[in-house]
Protein chains: 2
Amino acid sequence: MAKRESNVDRVYEALRRMAADFAFKPDQRINESALSEVLGASRTPLREALNRLVAEGFLTFQNNRGFFCRPLTPSYIMDLYEARVAVECEATRLACTRASDEDIAALADYLNRMEPEYESATDPEELLSMDESFHARLAQLSGNSELQRILNNLNGRIRYIRLIDLKRLRDRAGGKAPGDISAHRQIVEGIATRNTEAAVSAMRSHIEKRREEATEAVRIAFSQLYVPDE
Amino acid sequence: MAKRESNVDRVYEALRRMAADFAFKPDQRINESALSEVLGASRTPLREALNRLVAEGFLTFQNNRGFFCRPLTPSYIMDLYEARVAVECEATRLACTRASDEDIAALADYLNRMEPEYESATDPEELLSMDESFHARLAQLSGNSELQRILNNLNGRIRYIRLIDLKRLRDRAGGKAPGDISAHRQIVEGIATRNTEAAVSAMRSHIEKRREEATEAVRIAFSQLYVPDE
DNA sequence: CGTTTCAATATTGTATGCAGCTTCGAATTC
DNA sequence: GAATTCGAAGCTGCATACAATATTGAAACG
């Protein structure tokens, strides 16, 4: 009765996570037979899942050579951040004119409830999940599912770098978690007062602040990915 | 030596075109065996192509029920137009600060060269191709390949409706082609003078003008899709 | 009549096999 | 030694087969 999720879906989810985490190294060739054994499925459903990930930009594909992990370069990451600016700023703009007072209040409330965890969290993974969750909720306020869909895709591909960025900020701040909750508040405040320009520009600078560190984060990413342990 | 394109690629291209044109009716279930015969390939490569199109939002998928054409509703089309606004406005913004004078001049030149064709074209299909081409070139000026990629995807899914929109404008104008070349000029002018706000707002209103007609265009789309002939 | 049941039919999900292309490395040449 | 050739091994591309699931429609029931 509970055959809700197919094999392809399961394989897809696993692969998406692996690709997001760069369990495949940048540009690494993926061996289908080996991978299908690891995932406990034959090559047919595996290749279907791989094709989805190619279409989503997590992997690339070359004829007669198979599937490869996406590359990891500063300019690629900058592009993703810029695309996030495009999507999230427009989502913010739409939320300003479209979201109900109740929905905005709910988001503000979410932020308040999260604050303790936000402040006390030491695990960057956890912190990032909360941050992504906030941005996803905000995108929901736009009422536009395409923007939500695109944002979700961008977030998946940029996640690894953002995680590194958070770790870096934490280490710099001497172990204190760098949850940028005040920037989030500022954005929600702008939406709540229907001050579109304020909200959008707060969102823009919030994202661009991170974008500027992309090059450095990519450098760190490479040193992590290609160093034997830890 | 010329085995550059695989079977999957060929099938994918054919299906993308079919899906874009609503050769599959909205929400229609797709029969794999029948389709694989039409396309001259077995179900294995067919399903790989179908999975790509699901990931790109051209089709949907349900477990154990297979593939379906994407739905066609006013709100879905509005979402696509809004996403276009997000992407193209940010691309315009980036182009303003980033594109070289030469590249901008080349785009202006392209517009000039196109003008005669633009004015004389009677075929909406042709007109739309030129319009898409202009927007794609502009997106190139942003130097951001993610934005280009997203735009290309959105354009594919919205194409059918834009075509109807153009036909409608033409019929209203008594057969004269409604190429909105002056709006394009205005955008390029803004970029050339590095007047970001002017360029972006020209782009925004250019796209939103069309968005407002989405509901009506969808209505017409349905009547076209479900009427026996013509 | 409208509903329900259930077996026949159709369709999808996945494993497997093999042809053809790519890769790798040892032997060969310069 | 470095470059090249070429055959063996490995991998991908695709067709096919069959199991699992969904759909259909006719018969039975209310």
Item to check | Residue met sooner reading DNA chain D from 5', once R29(B) and Q62(A) are mapped to nucleotides | outcome: Q62(A)
Next on the checklist: Please report the distance, rounded to the nearest Å, between CD in E32(A) and P in dC21(C).
Outcome noted: 17 Å
Next on the checklist: Distance check needed: dT12(D) P versus I30(A) CD1, whole Å only.
Outcome noted: 10 Å
Checklist outcome for this item: For A83(B), the side-chain contact (heavy atoms from CB on, under 4.5 Å) test, sequence neighbours excluded, returns E146(A), L147(A), I150(A), L154(B)
Checklist entry - With a 4.0 Å cut-off, would you call R210(B) and E213(B) a salt bridge? => result yes
Checklist entry - Given atom CG of N64(A) and atom P of dG13(D), what is their separation to the nearest angstrom? => result 6 Å
Item to check | Listed nucleotide nearest any side-chain atom of S42(A), set dG13(D), dT14(C), dG13(C) | outcome: dT14(C)
Item to check | Separation of dT22(C) C1' from F68(A) CZ (nearest whole Å) | outcome: 11 Å
Next on the checklist: So if I take residues 43-56 of chain B and measure heavy-atom distances to DNA chain C, which residues fall below 4.0 Å?
Outcome noted: R43(B), R47(B)
Next on the checklist: Once ring-ring contact (aromatic ring centres under 6.0 Å, His included) is applied, what residue pairs with a partner in residues 79-100 of chain A remain, sequence neighbours excluded?
Outcome noted: none
Item to check | Sequence neighbours excluded - ring-ring contact (aromatic ring centres under 6.0 Å, His included) pairs with any residue from residues 143-168 of chain B | outcome: F22(B)-Y160(B)
Checklist entry - When the distance from OH of Y12(A) to P of dT14(C) is rounded to whole Å, what number comes out? => result 16 Å
Next on the checklist: In whole Å, I'd like the distance from the CG atom of N7(B) to the P atom of dG13(D).
Outcome noted: 11 Å
Item to check | Selection residues 50-73 of chain B - residue pairs positive for ring-ring contact (aromatic ring centres under 6.0 Å, His included), sequence neighbours left out | outcome: F61(B)-F67(B)
Checklist outcome for this item: ring pair (Phe, Tyr, Trp, His ring centres under 6.0 Å) filter on F134(A), not counting sequence neighbours, yields H184(A)
Checklist outcome for this item: F61(B) atom CZ is separated from dT21(D) atom C1', nearest whole Å, by 12 Å
